[in-house]
Engineer: 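Mind looking over this structure? Questions follow.
Along the sequence shown, the residues carry numbers beginning at 1.
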Amino acid sequence: MKYNNIVKGRFISRPNRFIALCEIGGEVYKCHVKNTGRCRELLTENAVVYLDKAENEGRKTPYDLVKVCKGDLLVNMDSNAPNKVFHEYIPKLFGDVVKIKPEYTYGNSRIDFYVETLSDKKLIEIKGVTLENDGIARFPDAPTERGIKHIHELIEAKKSGFDCYIAFIVQMEGMREFRPNWDTHPAFGEALIEARNNGVKIIALGCTVTETDLDITYEIPVILEK
């Protein structure tokens with residue numbers, strides 16, 4: 001996927017989870033943060049950021065904060081991006097795709113994708129990953145009861161005959177493995193192991209990130225146990 005109106009800036013502060021103050025060309029702007037997560041390890045004072053200029057000229061926040069430099073690592077932190085890049089990647093991952101339906105209702109949840117191929121019907125839940133430490137990508141960066149609910153729905157869907165996936169879209173380059181963030185939310189890691197043991201496939205897909213683009217380009221080994 002491509003951002004068409006990217007400008008470079010500097011992060012100053014985050015008054016609330018929706019707003020960041022950023023300096024662009026010597027002026028300070030209120031910018032929309034396209035990620036309501038904590039992102040404390042990313043949004044540090046004076047961090048280099050990349051912002052997408054809004055098409056609506058009258059918007060109170062004229063830019064969306066979509067990428068940030070964590071040292072030498074460029075991280076896409078746009079929470080809408082993982083579903084978009086995965087949608088583009090579906091034919092490469094599965095082949096013989098005859099139907100794609102985003103936001104598919106199953107049980108009491110909306111699963112990110114229903115995909116029908118010539119041979120089966122799939123349900124895929126997408127999780128965007130922006131947290132890393134020493135080349136290890138981790139999820140979540142905060143407790144997510146909603147995430148556990150989706151995992152349990154996929155377990156039931158698998159029992160009903162669907163081919164089910166949880167796909168972690170790692171929005172940065174060079175990660176050597178993916179692990180659950182056991183320190184932050186042990187129950188999420190336990191739920192992933194339960195899902196795997198019930199036939200749900202757990203995959204991690206890494207992205208190439210540039211100032212303007214985000215593309216899924218490599219698979220990352222998944223290690224679920226502590």
Side-chain angles (χ1 to χ4, degrees), residues 1-87 102-103 109-112 125-133 137-151 168-172 175 180-189 207 209-214:
M1 62 170 287
K2 180 177 288 291
Y3 298 92
N4 294 318
N5 299 295
I6 288 291
V7 299
K8 187 177 181 180
R10 179 177 66 88
F11 175 78
I12 298 173
S13 66
R14 190 179 185 181
N16 60 56
R17 62 179 181 157
F18 301 106
I19 299 293
L21 298 180
C22 298
E23 179 192 346
I24 305 168
E27 294 189 45
V28 176
Y29 294 86
K30 282 186 178 181
C31 304
H32 173 58
V33 180
K34 294 198 75 175
N35 189 319
T36 58
R38 295 175 181 175
C39 303
R40 291 171 182 164
E41 77 288 350
L42 297 177
L43 295 179
T44 58
E45 188 175 359
N46 291 320
V48 173
V49 293
Y50 292 91
L51 306 107
D52 191 28
K53 185 172 175 56
E55 294 182 2
N56 180 0
E57 294 289 343
R59 212 178 77 171
K60 291 183 178 179
T61 51
Y63 297 93
D64 293 317
L65 198 168
V66 294
K67 305 186 185 192
V68 59
C69 291
K70 181 186 179 187
D72 295 330
L73 183 65
L74 181 57
V75 181
N76 185 300
M77 55 176 289
D78 177 357
S79 60
N80 294 330
N83 283 47
K84 291 179 180 178
V85 293
F86 185 80
H87 199 160
E103 295 294 320
S109 296
R110 281 188 178 272
I111 304 301
D112 287 315
E125 181 66 14
I126 305 300
K127 304 295 182 188
V129 181
T130 62
L131 180 65
E132 72 84 31
N133 183 261
R138 297 184 184 272
F139 185 93
D141 65 353
T144 171
E145 295 302 327
R146 181 171 176 268
I148 290 178
K149 176 188 174 186
H150 287 156
I151 292 173
F168 292 93
I169 309 303
V170 179
Q171 296 163 253
M172 49 198 150
M175 298 298 104
N181 192 355
W182 286 98
D183 292 338
T184 296
H185 198 184
F188 185 85
C207 294
V209 186
T210 69
E211 294 177 8
T212 57
D213 290 48
L214 179 74

Engineer: For Thr184, enumerate each residue passing the side-chain contact (heavy atoms from CB on, under 4.5 Å) test, keeping only those at least two apart in sequence or located in another chain.
Structural biologist: Pro143, Asn181
Engineer: According to side-chain hydrogen bond (donor to acceptor under 3.5 Å, both in side chains), who are the partners of Asp141, at least two apart in sequence or on a separate chain?
Structural biologist: none
Engineer: Which residue in the set Thr61, Val33, Leu65 passes side chain to side chain contact (heavy atoms under 4.5 Å, CB included) when paired with Ile19?
Structural biologist: Thr61
Engineer: Considering non-hydrogen atoms only, spot the tightest contact between Gly189 and Pro180 and give its length.
Structural biologist: CA-CB, 3.8 Å
Engineer: Could you note down all residue pairs passing side-chain hydrogen bond (donor to acceptor under 3.5 Å, both in side chains) where residues 36-56 supplies at least one of them, sequence neighbours left out?
Structural biologist: Arg10-Asn46, Tyr50-Glu211
Engineer: Does the side chain to side chain contact (heavy atoms under 4.5 Å, CB included) test come out yes or no for Ile151 and Lys127, once each step is laid out?
Structural biologist: CA-CA 11 Å; Ile151 292 173; Lys127 304 295 182 188; 5.9 Å; no
Engineer: Can you name the residues that form a side-chain hydrogen bond (donor to acceptor under 3.5 Å, both in side chains) with Ser109, not counting sequence neighbours?
Structural biologist: Glu153
Engineer: Could you grab the distance from atom CD1 of Ile12 to atom CG of Leu43, nearest 0.5 Å is fine?
Structural biologist: 12.5 Å
Engineer: Looking only at heavy atoms, what is the nearest atom pair of Ala47 and Leu42, with distance?
Structural biologist: CB-O, 4.0 Å
Engineer: In Å, rounded to the nearest 0.5 Å, how long is the span from CG of Asn83 to CD of Glu125?
Structural biologist: 8.0 Å
Engineer: For Phe188, which residues count as a ring-ring contact (aromatic ring centres under 6.0 Å, His included) partner, sequence neighbours excluded?
Structural biologist: Phe139
Engineer: Do Val68 and Phe11 come within less than 4.5 Å of each other through their side chains, counting heavy atoms only?
Structural biologist: no
Engineer: What do the steps show when you test Val49 against Tyr63 for side chain to side chain contact (heavy atoms under 4.5 Å, CB included), and what is the final call?
Structural biologist: CA-CA 11 Å; Val49 293; Tyr63 297 93; over 6 Å; no
Engineer: Is there a side chain to side chain contact (heavy atoms under 4.5 Å, CB included) between Met175 and Val129 once you walk through the steps?
Structural biologist: CA-CA 11 Å; Met175 298 298 104; Val129 181; over 6 Å; no
Engineer: Quick check for you: to the nearest 0.5 Å, what is the distance between Cys69 atom SG and Lys8 atom NZ?
Structural biologist: 7.0 Å
Engineer: Shortest non-hydrogen contact from Pro82 to Gly128?
Structural biologist: CG-CA, 3.6 Å
Engineer: Only counting residues at least two apart or in another chain, list the ones meeting side-chain hydrogen bond (donor to acceptor under 3.5 Å, both in side chains) with Asp213.
Structural biologist: Lys2
Engineer: How long is the span from the NE2 atom in His87 to the NZ atom in Lys84, to the nearest 0.5 Å?
Structural biologist: 12.0 Å
Engineer: Can you find a heavy atom in the side chain of Val66 that is under 4.5 Å from one in the side chain of Gln171?
Structural biologist: no
Engineer: Under 4.5 Å between any side-chain heavy atoms of Asp112 and Glu103, yes or no?
Structural biologist: yes
Engineer: Which pair of heavy atoms, one from Met172 and one from Leu131, lies closest together, and at what distance?
Structural biologist: CE-O, 3.6 Å
Engineer: Compare all side-chain heavy atoms of Val75 with those of Lys67 and state whether any distance is below 4.5 angstrom.
Structural biologist: no
Engineer: Could you give all pairs that pass the salt bridge (charged side-chain N to carboxylate O under 4.0 Å, His left out) test and reach residues 70-81, with sequence neighbours left out?
Structural biologist: Lys34-Asp78, Lys70-Glu132
Engineer: Listed by chain and number, what are the salt bridge (Lys or Arg N to Asp or Glu O under 4.0 Å) partners of Arg59, not counting sequence neighbours?
Structural biologist: Asp64
Engineer: Side-chain contact test, heavy atoms from C-beta onward, threshold under 4.5 Å: evaluate it for Asp183 versus Arg138 and give yes or no.
Structural biologist: no
Engineer: Name all residues meeting the salt bridge (Lys or Arg N to Asp or Glu O under 4.0 Å) criterion together with Lys60; count only those two or more places apart in sequence or in a different chain, and write none if there are none.
Structural biologist: none
Engineer: Would you check, one step at a time, whether the test side chain to side chain contact (heavy atoms under 4.5 Å, CB included) holds for Cys207 with Asn76?
Structural biologist: CA-CA 9 Å; Cys207 294; Asn76 185 300; over 6 Å; no
Engineer: Please report the closest heavy-atom contact between Arg14 and Cys39, naming both atoms and the distance.
Structural biologist: NH1-CB, 4.1 Å
Engineer: Restricting to side-chain contact (heavy atoms from CB on, under 4.5 Å), what partner residues turn up for Glu27, sequence neighbours left out?
Structural biologist: Tyr29
Engineer: About how many Å separate OH of Tyr3 and OG1 of Thr210, when rounded to the nearest 0.5 Å?
Structural biologist: 10.0 Å
